[in-house]
Amino acid sequence: MISISPIHVPRARNIPYMKQHLQQIDVVKGVAIVAVLLLHSFTRKELEEQYAIFHIWQAVPLFLVVMGLNLGLSIRNKPQHLQQLYTRKYFTKKAARIFVPFFMVFILSILLGLLWEWLQGERVLEFSTYTWVGVLPITGRGNYFITMLLQSVLLLPLIGYGFSRKPILTTLVLLLLEVAFQVWAAQFAYFEENSYLYDAAFPRYFSAIAFGLWLSRVVWQPFRWREFILLAGLGIMAAINLYLLEYGELKLESVIRPGWQAQQLFTFGYAALLVWLAIKLLPNFSNFIPLRLLAELGKASYHIFLVQVVYFGLANQDLPHLANVAVPILLGYLFYRYEPQLLFGS
């Protein structure tokens with residue numbers, strides 16, 4: 001019989017838990033970014049045949065649950081003050097992590113696009129009003145996630161503040177706002193012509209953020225059956241909903257726009273269960289090569305994601321799946337490792 005051991009990490013005296021790093025989180029992000037590349041490589045028919053709704057299609061929900069988890073860990077045992085949420089230090093930190101890599105890829109995509117159009121005679125550069133909300137000049141699959149990430153910079157501090165003060169009330173507000181947005185968007189004709197704005201709407205994932213926030217409360221707790229039963233129950237119900245939405249007769253077009261029905265309040269419990277299992281079953285740190293490689297990819301996941309947007313804006317989906325995975329990973333990881341040198345020189 002397999003037993004689940006509690007997390008144990010030796011820590012220095014007076015160092016809060018939030019200062020410690022969990023390799024499991026990076027591993028989950030590493031798995032998720034590989035899933036993103038596979039998702040953008042396979043056709044929908046291939047994904048359906050592989051029951052990808054339970055693995056590859058969970059890439060974005062995994063990222064959003066982890067986003068909530070990291071938010072919860074960042075505010076753990078740290079007093080939150082409304083007037084200190086949006087400081088210069090906060091925006092400088094976000095600029096270094098999010099905006100600088102984005103602008104570097106933005107400029108590079110323009111240069112690459114000009115070169116591509118000159119050599120191939122194919123128009124690939126495109127500028128529109130969406131450019132101002134994060135759409136790259138060469139845009140490919142998944143660009144909407146960049147726009148969501150930009151929204152998160154403004155919304156996450158407020159969500160974290162609310163959760164630190166009133167966790168249950170904040171959770172209820174997040175759930176209600178997500179449901180209200182989904183119902184409103186399904187009835188609002190504006191999104192018929194502007195589907196990108198719906199795809200990139202951060203409120204669609206409020207409940208995933210809420211799941212992550214609550215997971216942050218149990219990360220450092222030993223295994224508890226009550227906790228497991230609750231998460232397993234939510235995860236199983238979510239898995240059933242995923243199956244019925246993709247392969248059964250369950251349809252929610254009246255409240256959720258088609259194409260995104262498998263990513264909503266009643267399905268995110270599955271991704272939350274996967275994250276919880278990763279945290280509880282995997283070690284906090286391991287030199288096991290596959291885990292270390294996935295953790296490295298997780299750390300570089302944003303850079304890999306930016307590169308893959310441009311890559312899939314140029315590459316044909318019919319290219320070998322190995323190339324569609326290996327090329328963005330290699331280029332994105334090199335970008336992650338050498339970004340400081342690119343900016344400031346050696």
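This one's a predicted model, so the numbers in the text were calculated from it and none came from an experiment.
For Y144 and W260, the gap between ring centers is short of 6.0 Å. Taking the six-membered ring for Trp, W57 and F42 have ring centres at least 6.0 Å apart. Between F268 and F211, the ring center distance fails the sub-6.0 Å criterion.
Between E48 and K45 there is no salt bridge, since none of the side-chain N atoms of the basic residue sits less than 4.0 Å from a carboxylate O of the acidic one. Using a 4.0 Å cut-off between charged nitrogen and carboxylate oxygen, R44 and E246 count as a salt-bridge pair. Between R257 and E192, at least one side-chain nitrogen of the basic residue sits less than 4.0 Å from a carboxylate oxygen of the acidic one, meeting the salt-bridge criterion.
Counting heavy atoms from C-beta outward, T147 and D199 have side chains that stay 4.5 Å or more apart. Two residues are said to be in side-chain contact when any heavy atoms from C-beta on lie closer than 4.5 Å; L176 and F206 fail this criterion. With contacts defined as side-chain heavy-atom distances shorter than 4.5 Å, the pair V36/F145 does not qualify. Residues F163 and W214 form a side-chain contact, since some pair of their non-hydrogen atoms from C-beta on lies under 4.5 Å apart. When side chains are defined from C-beta on, P61 counts as touching Q263, because their heavy atoms get closer than 4.5 Å. Annotation: side chain of L250 is not in contact with side chain of Q261 (no heavy-atom distance under 4.5 Å). In this structure, V309 and R141 have side chains that are not in contact, with every pair of non-hydrogen atoms separated by 4.5 Å or more. Between I159 and L213 the shortest side-chain heavy-atom distance falls below 4.5 Å.
Under a hydrophobic clustering in which Ile, Leu, Val, Met, Phe, Trp and Tyr are joined whenever their side-chain heavy atoms come within less than 4.5 Å, directly or via other members, L71 and L150 fall into the same cluster. Linking Ile, Leu, Val, Met, Phe, Trp and Tyr whenever their side-chain heavy atoms come within less than 4.5 Å puts L112 and V124 in one cluster. Taking hydrophobic clusters as Ile, Leu, Val, Met, Phe, Trp and Tyr residues chained together by side-chain heavy-atom distances below 4.5 Å, W132 does not share a cluster with I138.
Checked by atom type and distance alone, the side chain of Q23 never pairs as donor or acceptor with a backbone atom of A295 at under 3.5 Å. Side-chain atoms of E46 come within 3.5 Å of backbone atoms of T43 as a donor-acceptor pair (strictly under, hydrogens ignored). Side-chain N or O atoms of Y302 include one that pairs as donor or acceptor with a backbone N or O of I98 at under 3.5 Å. Put simply, the side chain of S41 gets close to the backbone of L37: a donor and an acceptor are under 3.5 Å apart. Listed for the Q151 side chain is a donor-acceptor partner under 3.5 Å among the backbone atoms of A200. Judged by distance alone, the side chain of R204 and the main-chain N or O of Y198 form a donor-acceptor pair under 3.5 Å. Here the side chain of T171 pairs a donor or acceptor atom with the backbone of P167 at under 3.5 angstrom. Within the 3.5 Å criterion, the main-chain N or O of Y190 finds a donor-acceptor partner in the side chain of N194.
Applying the side-chain hydrogen bond (donor to acceptor under 3.5 Å, both in side chains) definition to pairs two or more places apart or across chains, those involving residues 101-120 are W116-E122.
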> Between L174 and E178, does a side chain to side chain contact (heavy atoms under 4.5 Å, CB included) hold up when you go through it step by step?
Replying inline: CA-CA 6 Å; L174 289 174; E178 178 181 326; over 6 Å; no
>> Under the criterion side chain to side chain contact (heavy atoms under 4.5 Å, CB included), I'd like the reasoning laid out for L114 against L125: C-alpha separation, chi angles, the key distance, then a yes or no.
In response: CA-CA 8 Å; L114 292 172; L125 287 172; 3.7 Å; yes
> Checking side chain to side chain contact (heavy atoms under 4.5 Å, CB included) for the pair F54/Y243: CA distance, chi angles, key distance, verdict?
Replying inline: CA-CA 8 Å; F54 298 115; Y243 180 84; 3.9 Å; yes
>> Walk me through whether T267 and L245 qualify under side chain to side chain contact (heavy atoms under 4.5 Å, CB included).
In response: CA-CA 10 Å; T267 63; L245 285 166; 3.9 Å; yes
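Remark: H303 NE2 to L297 CG distance equals 13.5 Å, nearest 0.5 Å.
By the 6.0 Å contact criterion, CZ on F335 is enclosed, its count of non-hydrogen atoms from other residues, nucleotides or ligands being greater than 12. Residue-environment remark: CD (Q83) exceeds the threshold of 12 foreign heavy atoms within 6.0 Å. The environment of NZ in K251 is crowded: more than 12 heavy-atom neighbours from other residues, nucleotides or ligands sit within 6.0 Å. The local environment of CD1 in I289 is sparse, with at most 12 non-hydrogen atoms from other residues, nucleotides or ligands closer than 6.0 Å. Around the CZ atom of R337, the shell of radius 6.0 Å holds no more than 12 heavy atoms that belong to other residues, nucleotides or ligands. A 6.0 Å sphere centred on CG of L111 holds more than 12 heavy atoms belonging to other residues, nucleotides or ligands. The environment of OH in Y90 is crowded: more than 12 heavy-atom neighbours from other residues, nucleotides or ligands sit within 6.0 Å.
Under the 3.5 Å distance criterion, with hydrogens and angles disregarded, a donor-acceptor pair is assigned to the side chains of H21 and D26. Using modelled atom types, one finds no donor on one side chain facing an acceptor on the other under 3.5 Å when comparing S301 with Y336. Under 3.5 Å, the side chains of N324 and Y311 contain a donor-acceptor pair of N or O atoms. For the residue pair Y270 and Q58, no side-chain donor N or O sits within less than 3.5 Å of a side-chain acceptor on the partner. When only modelled atom types and interatomic distance are considered, Y161 and Q84 share no side-chain donor-acceptor pair under 3.5 Å.
Between A271 and L62, the shortest heavy-atom contact is O-CD2, 3.8 Å. Between Q24 and I279 the shortest heavy-atom distance is NE2-O, 2.9 Å. Across all their heavy atoms, I56 and Q50 have their closest contact at CD1-OE1, 4.1 Å. Of all heavy-atom pairs spanning Y247 and L47, the tightest one is OH-O, 4.3 Å. Here the shortest heavy-atom pairing between G235 and L273 reads CA-CD2, 4.0 Å. Shown here for K280 and V218, the closest heavy-atom pair between the two residues is NZ-O, 3.2 Å.
Qualifying side-chain hydrogen bond (donor to acceptor under 3.5 Å, both in side chains) partners for T170, counting only residues two or more places apart in sequence or in other chains: none.
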